[in-house]
Amino acid sequence: MLKSIGFYKVKIAIFISGNGSNLKNLINHSLKKNSRFKITLIISNNPKAKGLNFARKFKIKKKIINYSNVKYTEKRILIELKKNKIKLICLAGFMKILSKNFIRIFKGKIINIHPSLLPKYKGLNTHQRAIDNKEKYSGCTVHYVNSKLDSGRIILQKKVKILKNDTSKSLSKRVLKHEHVLYPKALKKILSNL
Ligand code: GRF
């Protein structure tokens, strides 16, 4: 159970691999007056992730973790999480798969944003596959992470209409804007469900 009582803010770690637009957006939300969470750690497997610039900008602790040995790497991550009293992990464009063991240790405390209407289109290239299949809608989903890829319990979902001339690029750009609304909303929902 996540604790956020009175002025106590839940400490969150965000895991990224790339641009970090969701990270930036969550940081901005965390800085709002009534926010119930605080981002105190950013973890990236990619030293070149653009999102790491936000760690510098907002003075948030960052750790770049080399993923060559999963067992060792996850051990290091767990030490960092413990040291920083992290209560919730938000994956935001994190391109590595966490082991079953790791997920078990943080059971119910890892969430992810995925650019599709889950359970449809798990995995990569979601928008292209939705367009190829002539779907009317794509979208995004915030869900709990369990040991099966993109299969954990859904927290919130947003449908986004696929337009006639949409390419994967135009669609992902439009969906990303909705992701920036959905992720903080989902966080609010789980943090107030205490
Ligand atoms: C987002 O589309 C998210 O749904 C997916 O990876 C992308 C990350 O984008 N998991 P950003 O790095 O937050 O800009």
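As the structure is a computational prediction, the values presented were derived from the model and not from experiment. In each ligand, atom 1 is the first atom listed, and ligand 1 is the first ligand listed.
The distance from ligand 1 to the heavy atoms of N19 drops below 4.0 Å at these ligand atoms: 12 (O), 14 (O). Near E179, with a cut-off below 4.0 Å to any heavy atom, the atoms of ligand 1 are 1 (C), 2 (O), 3 (C), 4 (O).
On a distance-only criterion, N22 and ligand 1 share at least one N/O pair closer than 3.5 Å. Geometrically, ligand 1 and A92 share no nitrogen or oxygen pair separated by less than 3.5 Å. In terms of polar-atom proximity, defined here as any N/O pair under 3.5 Å, G20 does make such a contact with ligand 1.
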Under 3.5 Å, side-chain donor or acceptor atoms of residues 55-65 against the rest of the protein: list the pairs with distances, not counting sequence neighbours.
residue: R56; atom: NH1; partner: N53; partner atom: OD1; Å: 3.3
residue: K61; atom: NZ; partner: N84; partner atom: OD1; Å: 3.4

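Heavy-atom separations between G51 and ligand 1 are all 4.0 Å or longer. At a 4.0 Å cut-off, not a single heavy atom of I16 sits close enough to ligand 1 to count as contact.
Cation-pi check for K159 over Y137 is met; the charged atom lies under 6.0 angstrom from the ring centroid and within 45 degrees of its normal.
Counting only heavy atoms of the protein, atom 10 (N) of ligand 1 lies nearest to I113 O, 2.9 Å. Of all protein heavy atoms, the one lying nearest to atom 6 (O) of ligand 1 is G93 CA, 3.4 Å. Looking from atom 14 (O) of ligand 1 to the surrounding protein, the closest heavy atom is S21 OG, 2.5 Å.
Within the hydrophobic cluster formed by Ile, Leu, Val, Met, Phe, Trp and Tyr side chains joined at under 4.5 Å, directly or through other members, L171 is accompanied by I131, V160, I162, V175.
Classification of E135 and K120 as a salt-bridged pair holds, one side-chain N sitting under 4.0 Å from a carboxylate O. The existence of a salt bridge linking D166 and R174 is confirmed by a sub-4.0 Å separation between a basic side-chain nitrogen and an acidic carboxylate oxygen.
In the model, N46 has no side-chain atom that pairs as donor or acceptor with a side-chain atom of S17 under 3.5 Å. Checking H180 against S21 by side-chain atom types alone, a donor-acceptor pair falls below 3.5 Å.
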